[in-house]
Amino acid sequence: QVHLVESGGGLVQTGGSLRLSCAASGSIASIIAMGWYRQAPGKQRELVASITSGGSTNYADSVKGRFTISRDGAKNTWYLQMNSLKPGDTAVYYCNADIVPSRGGWFSRTDYWGQGTQVTVSS
């Protein structure tokens with residue numbers, strides 16, 4: 001009953017910017033933590049950035065200083081602002097969240113994933 005829908009991907013030139021959004025809907029009691037992952041062809045999925053409900057953030061070394069994760073709790077939405085993009089950032093980006101559904105209680109805390117959105121940075 002919980003669904004994550006992401007948007008904002010696209011094609012940009014080196015040095016450009018994109019803003020990804022992820023919106024969670026359904027029977028949600030609380031969102032404990034939110035994040036963004038990415039997966040490039042031939043590579044494993046990796047954590048890009050994460051944020052807790054209290055606002056603590058964590059970033060991969062490769063994106064520090066360029067990407068910013070933020071959240072809007074009232075809308076169950078979080079964002080990834082991507083600046084100074086490089087060709088190495090090209091990947092499918094997935095939003096992720098640890099969510100407690102309304103029906104199941106704490107024991108039902110589950111990791112949810114969005115459908116993925118393509119980010120391509122041209123050289």
Side-chain angles (χ1 to χ4, degrees):
Q1 292 186 358
V2 176
H3 305 280
L4 272 58
V5 178
E6 57 188 292
S7 61
L11 173 64
V12 298
Q13 295 180 341
T14 297
S17 297
L18 285 173
R19 189 192 191 209
L20 307 183
S21 300
C22 187
S25 62
S27 300
I28 298 171
S30 62
I31 301 179
I32 306 302
M34 300 130 281
W36 291 93
Y37 290 72
R38 67 186 182 188
Q39 187 168 23
K43 298 184 65 177
Q44 291 185 312
R45 187 174 299 184
E46 64 175 348
L47 176 67
V48 177
S50 64
I51 186 169
T52 69
S53 59
S56 298
T57 58
N58 185 47
Y59 296 92
D61 288 342
S62 60
V63 306
K64 287 181 179 177
R66 300 188 297 122
F67 292 8
T68 303
I69 187 171
S70 60
R71 66 180 293 270
D72 184 343
K75 299 179 180 179
N76 286 337
T77 302
W78 57 105
Y79 311 92
L80 185 67
Q81 179 65 48
M82 309 164 66
N83 299 325
S84 301
L85 283 162
K86 306 174 181 178
D89 297 318
T90 296
V92 177
Y93 284 70
Y94 299 88
C95 62
N96 164 268
D98 290 328
I99 294 176
V100 180
S102 296
R103 294 177 294 110
W106 183 261
F107 186 77
S108 296
R109 177 178 174 178
T110 304
D111 210 28
Y112 291 89
W113 294 89
Q115 80 282 3
T117 185
Q118 177 71 47
V119 172
T120 302
V121 185
S122 64
S123 59

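Note that the structure is a prediction, hence the values are computed from the model and not measured. Computation of the quantities below employed the complete heavy-atom set of this structure, encompassing side-chain atoms and omitting hydrogens, waters and symmetry-equivalent molecules.
Of all non-hydrogen atoms in Arg38 and Ser62, the two that sit nearest each other are NH2-OG, 3.3 Å. Closest of all the heavy-atom pairs between Ser102 and Ala29 is OG-N, 3.4 Å. Residues Thr77 and Lys75 approach most closely at OG1-O, 2.9 Å, considering heavy atoms. The two atoms that bring Tyr79 and Ser21 nearest to each other are CD2-OG, 3.3 Å, heavy atoms only. Contact record, Ile32 with Trp106: CD1-CZ3, 4.0 Å, taken as the closest heavy-atom pair. Here the closest non-hydrogen pair linking Ala91 and Ala40 is CB-N, 3.9 Å.
Atom CD of Gln115 and atom SG of Cys22 lie 8.0 Å apart (nearest 0.5 Å). Summarising the geometry, atom CZ belonging to Arg71 is positioned 8.0 Å from atom OG1 belonging to Thr52; distances are rounded to the nearest 0.5 Å. Between Asn83 atom CG and Thr68 atom OG1 the span is 6.5 Å, to the nearest 0.5 Å.
Other cluster members for Ile51: Val2, Leu4, Val12, Leu18, Leu20, Ile28, Ile31, Met34, Trp36, Val48, Tyr59, Val63, Phe67, Ile69, Trp78, Leu80, Met82, Leu85, Tyr93, Ile99, Tyr112, Val119, Val121, joined by side-chain heavy-atom distances under 4.5 Å among Ile, Leu, Val, Met, Phe, Trp and Tyr.
Two different hydrophobic clusters hold Val92 and Val5 under the rule that ILVMFWY side chains link at heavy-atom gaps under 4.5 Å.
Using a 4.5 Å cut-off on side-chain heavy atoms (C-beta onward), Thr14 and Pro87 make contact.
Side-chain N or O atoms of Glu6 include one that pairs as donor or acceptor with a backbone N or O of Cys95 at under 3.5 Å. Judged by distance alone, the side chain of Ser84 and the main-chain N or O of Gly15 form no donor-acceptor pair under 3.5 Å.
A salt bridge does not link Lys86 with Asp89: every distance from a Lys NZ or Arg NE/NH1/NH2 to an Asp or Glu carboxylate oxygen is 4.0 Å or more.
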